Participant: 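Quick one: the structure is below, questions incoming.
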Amino acid sequence: MLLGLLLAFVTVALLSGLDIWADLQEGTDASHVAVEATVLAIGLIGSIFLGHRLLLVMREAQAMRIEADQLAEKLDATRAEASRWRNEAHDLMQGLAAALDEQFERWRLSPAEKEVALLLLKGLSHKDIARVRSVTEATARQQARAFYRKASLTGRHDLAAFFLEDLMLPTDMRGSTE
């Protein structure tokens with residue numbers, strides 16, 4: 001659009017310039033030439049303004065293309081890193097899932113309580129759990145309380161600590177019974 005406007009102003013300026021030249025050749029009066037000179041000046045000023053604006057827009061577009069390319073490279077690198085991490089952690093995650101299931105069985109949790117416990121471990125609020133499970137928030141709270149009671153835990157902090165405590169120990173202390 002800017003290019004179209006620029007071409008229009010250049011055309012107006014060019015045609016005004018040609019008309020002024022023709023009028024001067026014919027001896028047209030000065031007032032008529034002054035009006036056409038004003039049209040020529042407006043065309044030139046408009047051309048300069050739009051040309052400058054077009055250059056700025058083109059520079060911005062180029063900068064945005066460069067930024068988009070950089071972001072795409074970052075995204076590709078992040079995706080590759082995430083994929084690498086998932087591949088490396090796959091066996092560990094399977095083991096963790098099995099350990100969680102075993103503990104949930106020891107606590108004799110219902111399927112609903114197991115789901116609530118997993119969602120609590122992921123950090124979801126009772127409201128979020130209710131939304132994910134398509135139940136009321138009161139139901140999600142009640143199932144969380146039942147789970148905490150069966151597990152002898154006081155809340156989500158105890159739940160996280162129960163599963164993460166051994167992970168936070170130095171490697172040489174894991175599994176020791178001090």
Side-chain angles (χ1 to χ4, degrees), residues 1-8 46 48-178:
M1 184 171 139
L2 286 177
L3 184 59
L5 286 172
L6 175 63
L7 290 174
I48 292 168
F49 173 76
L50 286 173
H52 178 66
R53 183 72 182 127
L54 184 60
L55 285 175
L56 290 176
V57 167
M58 290 172 59
R59 286 181 187 149
E60 283 180 29
Q62 179 63 24
M64 287 180 181
R65 276 192 292 276
I66 291 169
E67 184 179 359
D69 290 344
Q70 291 170 344
L71 288 172
E73 287 175 17
K74 272 186 167 178
L75 180 60
D76 289 343
T78 301
R79 284 182 176 154
E81 178 68 16
S83 178
R84 182 195 59 75
W85 185 87
R86 274 192 303 275
N87 291 337
E88 289 176 2
H90 180 15
D91 292 339
L92 295 173
M93 296 304 289
Q94 292 297 336
L96 178 60
L100 289 171
D101 284 341
E102 287 176 25
Q103 186 60 48
F104 291 164
E105 289 300 321
R106 281 192 285 276
W107 285 335
R108 300 177 195 256
L109 301 181
S110 70
E113 291 165 343
K114 287 179 185 179
E115 187 176 6
V116 169
L118 285 172
L119 294 171
L120 286 167
L121 277 170
K122 289 182 178 185
L124 274 69
S125 68
H126 291 115
K127 186 176 183 177
D128 293 334
I129 292 170
R131 191 176 319 114
V132 167
R133 299 192 62 246
S134 299
V135 298
T136 66
E137 189 173 346
T139 299
R141 285 182 187 283
Q142 184 275 331
Q143 290 169 331
R145 278 193 300 270
F147 151 69
Y148 291 139
R149 188 174 46 254
K150 287 181 181 181
S152 298
L153 299 171
T154 60
R156 70 176 70 229
H157 295 101
D158 280 351
L159 172 64
F162 183 90
F163 288 107
L164 294 175
E165 188 172 312
D166 286 342
L167 295 175
M168 300 301 173
L169 294 173
T171 306
D172 59 340
M173 291 182 68
R174 290 184 190 152
S176 71
T177 55
E178 291 182 19

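Treat the numbers as computed from the prediction; the structure is a model and nothing was measured.
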Participant: How long is the span from the CG atom in Leu54 to the CZ atom in Arg59, to the nearest 0.5 Å?
Facilitator: 10.5 Å
Participant: At what distance, to the nearest 0.5 angstrom, does NZ of Lys127 lie from CZ of Arg141?
Facilitator: 10.5 Å
Participant: Which atom names give the shortest non-hydrogen contact between Ala112 and Gln143, and what distance separates them?
Facilitator: CB-NE2, 3.4 Å
Participant: Do Arg145 and Gln142 pair up side chain to side chain, a donor and an acceptor below 3.5 Å, judged on atom types alone?
Facilitator: no
Participant: With a 4.5 Å cut-off on side-chain heavy atoms, are Arg149 and Glu113 touching?
Facilitator: no
Participant: A side-chain contact here means heavy atoms from C-beta on lying under 4.5 Å apart; do Leu96 and Phe163 qualify?
Facilitator: no
Participant: For atom CZ of Arg79, decide whether the heavy atoms of other residues, nucleotides or ligands shown that lie under 6.0 angstrom number more than 12.
Facilitator: no
Participant: Is there side-chain contact between Phe147 and Lys114, with at least one heavy-atom pair below 4.5 Å?
Facilitator: no
Participant: How long is the gap from CE on Met93 to NE2 on His90, to the nearest 0.5 Å?
Facilitator: 10.5 Å
Participant: If I take atom CD from residue Glu67 and atom CG from residue Asp69, how far apart are they, to the nearest 0.5 angstrom?
Facilitator: 10.5 Å
Participant: Under 6.0 Å from the CZ atom of Arg108, do we count more than 12 heavy atoms belonging to anything else shown?
Facilitator: no
Participant: List the steps, then state whether side chain to side chain contact (heavy atoms under 4.5 Å, CB included) holds for Leu118 with Phe104.
Facilitator: CA-CA 10 Å; Leu118 285 172; Phe104 291 164; 3.8 Å; yes
Participant: Can you find a pair of side-chain heavy atoms, one from Arg131 and one from Leu124, that are under 4.5 Å apart?
Facilitator: no
Participant: Judged by atom type as modelled, is there a donor-acceptor pair below 3.5 Å linking the side chain of Thr78 to the main-chain atoms of Lys74?
Facilitator: yes
Participant: Are a donor atom and an acceptor atom from the side chains of Arg65 and Gln62 found within less than 3.5 Å of each other?
Facilitator: yes
Participant: Side chains of Glu102 and Glu105: closer than 4.5 Å at any heavy-atom pair?
Facilitator: no
Participant: Is there a side-chain contact between Asp128 and Leu119, using heavy atoms and a 4.5 Å cut-off?
Facilitator: no
Participant: For His126 versus Ala140, what's the shortest heavy-atom pair and its separation?
Facilitator: O-CB, 3.7 Å
